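Below: one structure, written as structure tokens.
Worth saying up front: this structure is predicted, and the values here are computed from it rather than measured. The analysis underlying the following values was restricted to heavy atoms, covering all of them including side chains, and did not include hydrogens, waters or symmetry mates. In what follows, chains are A, B, ... by sequence order, proteins preceding strands, each numbered from 1.
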2 protein chains.
Amino acid sequence: MNENIDQEDDVSVNYNARKYRTPDGAPTDIVIFTITSTDRAKAKKTLPHRELQVLLIKRKRWPFEGRWALPGGFTNETETVHECAKRELCEETGVKNVHIEYFNAYSAPNRDPRGWMISHAFFALVNEVELSSREAASDAAEVGLFSMDEAAAMELAFDHNLILQDALARIREMMVTTTIAKSFLPVEFTISELYQVLQTVVPDFEERNFIRKITSTQSRRGIIEEVRNRAGEPMLSNRHSQRAAQLYRFTDYVPRLSIYS
Amino acid sequence: MNENIDQEDDVSVNYNARKYRTPDGAPTDIVIFTITSTDRAKAKKTLPHRELQVLLIKRKRWPFEGRWALPGGFTNETETVHECAKRELCEETGVKNVHIEYFNAYSAPNRDPRGWMISHAFFALVNEVELSSREAASDAAEVGLFSMDEAAAMELAFDHNLILQDALARIREMMVTTTIAKSFLPVEFTISELYQVLQTVVPDFEERNFIRKITSTQSRRGIIEEVRNRAGEPMLSNRHSQRAAQLYRFTDYVPRLSIYS
DNA sequence: CCAATAGTGTCTATGAGACACTATCAG
DNA sequence: CTGATAGTGTCTCATAGACACTATTGG
């Protein structure tokens with residue numbers, strides 16, 4: 001047991017980490033979520049079909065050669081794991097400045113055949129429009145988007161099935177408690193789009209009077225605001241409907257939730 | 001740059017991590033919070049003065065010898081970082097089965113003079129009654145409880161000031177969105193005690209009609225329940241007051257919060 | 001004029017928030 | 001009978017939740 005190195009080691013300025021078994025790397029794994037919209041085959045304008053998907057890459061090397069895995073890579077000594085994750089995300093998808101967040105460490109012994117690897121897991125939320133250009137550029141055989149059902153049915157490399165499920169649970173919770181839904185929406189969106197995105201990530205989210213609560217209650221006033229043009233007229237969109245719908249955008253307001261009030 | 005080792009390395013079953021710069025250890029740091037109660041010097045029964053405190057240890061070795069630091073230690077290859085944190089918590093305080101939770105990784109280059117150390121930070125919530133026995137046993141000069149103000153004013157070892165502030169922000173948020181307040185309370189408690197604990201951790205938490213909301217509104221019904229004896233009579237406590245107060249306990253109910261409903 | 005989306009009217013029951021008020025009881 | 005804690009009465013206004021209803025407009 002090499003616990004308490006810093007307390008039970010002999011007192012020495014010449015601390016030498018090489019005396020101990022040390023990790024064989026500090027990998028990051030990034031669960032990249034996106035929501036794809038596919039137009040339903042109808043003559044009239046309709047809301048698209050949306051699906052939550054995760055980006056996976058096909059491994060070309062041992063270990064788990066040929067298996068699908070979460071994108072990621074090894075952290076350098078000169079960067080933080082957060083910087084590493086952002087770098088890997090950019091390399092994999094070409095996007096920057098998206099919502100990326102650390103959520104857990106995976107450190108089960110033998111989770112990686114290459115050695116003692118404690119993985120730092122992140123999730124990222126990427127808008128499909130930002131992802132689409134990269135999709136074409138990549139080798140389609142090696143990068144793929146999969147629905148949650150598809151991914152859950154696959155045998156991913158390492159403990160990536162577990163990481164994916166944990167990430168999914170996390171974003172489901174955050175989807176309704178924070179404003180991260182904005183990552184899956186254009187800056188200006190309609191209430192239906194917002195509602196659809198929420199339902200796509202959290203299937204059992206249901207609010208029958210959603211439009212009223214979001215637009216005409218004090219407590220939620222401030223999360224989103226109506227978009228108006230310079231003349232102060234409401235801006236509308238009819239991209240999904242005959243009747244034009246009011247456009248909204250998220251504000252910077254961060255609501256405080258509490259189980260006690 | 002040794003990024004993407006697993007993809008850009010030559011194909012080889014004889015992967016050798018020693019070819020790369022690897023971390024020099026996988027330390028954990030544990031922010032152990034407790035709430036102390038000290039009776040106010042009064043003749044009559046009063047509510048105690050409560051204060052949120054954090055447990056720190058005085059380092060005996062290089063680096064940062066003599067400085068106060070968060071307790072923690074190095075993870076072994078045979079355990080997860082979560083197991084390591086629980087082990088260290090038990091060694092430091094003697095308590096098991098308390099709320100301990102992972103919340104972030106600290107990986108800034110050069111955060112540790114001993115080498116490349118990515119620290120896994122946990123916070124733990126320990127009831128003062130569980131901590132009191134250990135307090136006497138420990139060398140008082142080396143283990144101490146400090147208020148948030150005291151600790152923030154100290155120059156802690158490593159980046160432990162940052163870790164402490166992050167942990168504090170996290171438990172402040174969780175204190176009002178989850179039922180972790182139970183960690184600082186006896187199993188059976190009065191409404192005043194609960195309210196006091198909430199205010200101790202989150203100073204700007206204020207609910208003037210707290211007792212009504214918690215006891216007589218549908219939406220919160222289920223978080224706590226009245227304690228009754230076998231005969232079905234309400235159990236009361238007068239430990240802090242002349243007039244006896246109803247005792248409550250937390251249920252297993254986990255409320256779902258949402259900014260959209 | 002239909003289908004699909006957008007949005008309103010209206011009702012009831014419940015809760016939020018404010019503030020004054022009563023209850024208990026050791027010292 | 002005072003001080004400290006515990007808890008209630010009562011008011012107004014806002015909101016939740018349900019459900020039927022109207023509005024818009026391309027095809």
- When rounded to whole Å, the NZ to C1' distance for the pair A:K45 and C:dA4 reads 12 Å
- Query: So which one's nearest nucleotide on DNA chain D is more toward 5', B:S237 or A:R208?
  - Reply: B:S237
- Would you say the side-chain atoms of B:D166 and B:Y106 include a donor-acceptor pair closer than 3.5 Å? yes
- Task: Take atom CZ of A:F189 and atom P of C:dT5, then tell me their distance rounded to the nearest Å.
- Result: 19 Å
- Task: Just call it for B:I191: base, sugar-phosphate, or nothing, with non-hydrogen atoms closer than 4.0 Å on any strand.
- Result: nothing
- How would you label the contact of B:S261 with the nucleic acid (heavy atoms, under 4.0 Å): base, sugar-phosphate, or nothing? sugar-phosphate
- Task: Without swapping roles, check the side chain of A:Q246 against the backbone of A:M235 for a donor-acceptor pair under 3.5 Å.
- Result: yes
- Task: Please report, rounded to the nearest Å, how far the P atom of D:dT8 is from the CD1 atom of B:I214.
- Result: 15 Å
- For DNA chain D, which residues in residues 239-246 of chain B have a heavy atom at a distance below 4.0 Å? B:H240, B:S241, B:Q242, B:R243, B:A244, B:A245, B:Q246
- Message: Just the rounded figure in Å: distance from C1' of C:dG15 to CZ of B:F210.
- Response: 16 Å
- Using a strict cut-off of less than 4.0 Å between a Lys/Arg side-chain nitrogen and an Asp/Glu carboxylate oxygen, indicate whether A:E188 and A:R249 qualify as a salt bridge. yes
Could you go through nucleotides 9-13 of chain D and list every protein N or O atom that sits under 3.5 Å from one of its N or O atoms, giving the distance for each pair?
| from | atom 1 | to | atom 2 | distance (Å) |
| --- | --- | --- | --- | --- |
| D:dG9 | N7 | B:R212 | NH1 | 3.3 |
| D:dG9 | N7 | B:R212 | NH2 | 3.2 |
| D:dG9 | O6 | B:R212 | NH1 | 2.4 |

- Query: Is the closest side-chain donor-acceptor distance between B:E101 and B:H99 under 3.5 Å?
  - Reply: yes
- Starting at CD1 of A:I211 and ending at C1' of C:dT8, how long is that distance when rounded to a whole Å? 9 Å
- A:N238 CG to D:dT24 P: how many Å, rounded? 14 Å
- Take the protein atom NZ of B:K213 and the nucleotide atom C1' of C:dA18, then report the distance between them rounded to whole Å. 12 Å
- Message: Among C:dA18, D:dT15, D:dA4, which nucleotide has an atom closest to any side-chain atom of B:T46?
- Response: D:dA4
- Query: Parallel, tilted or perpendicular for B:F250 and B:F189, by the 30°/60° rule?
  - Reply: tilted
- For the pair made of CZ in A:R50 and C1' in C:dT5, what is the distance, rounded to whole Å? 14 Å
- Message: Looking only at side-chain N and O atoms, does B:E130 offer a donor or acceptor that is under 3.5 Å from a partner on B:T93?
- Response: no
- Message: Can you give me the closest heavy-atom contact between A:A244 and A:L236, atom names plus distance?
- Response: CB-CB, 3.7 Å
- Item | Pairwise side-chain contact, B:T28 with B:H120, heavy-atom cut-off 4.5 Å (strictly under) | yes
- Looking only at non-hydrogen atoms, find the nearest pair between B:N127 and B:P186 and report the distance. ND2-N, 4.1 Å
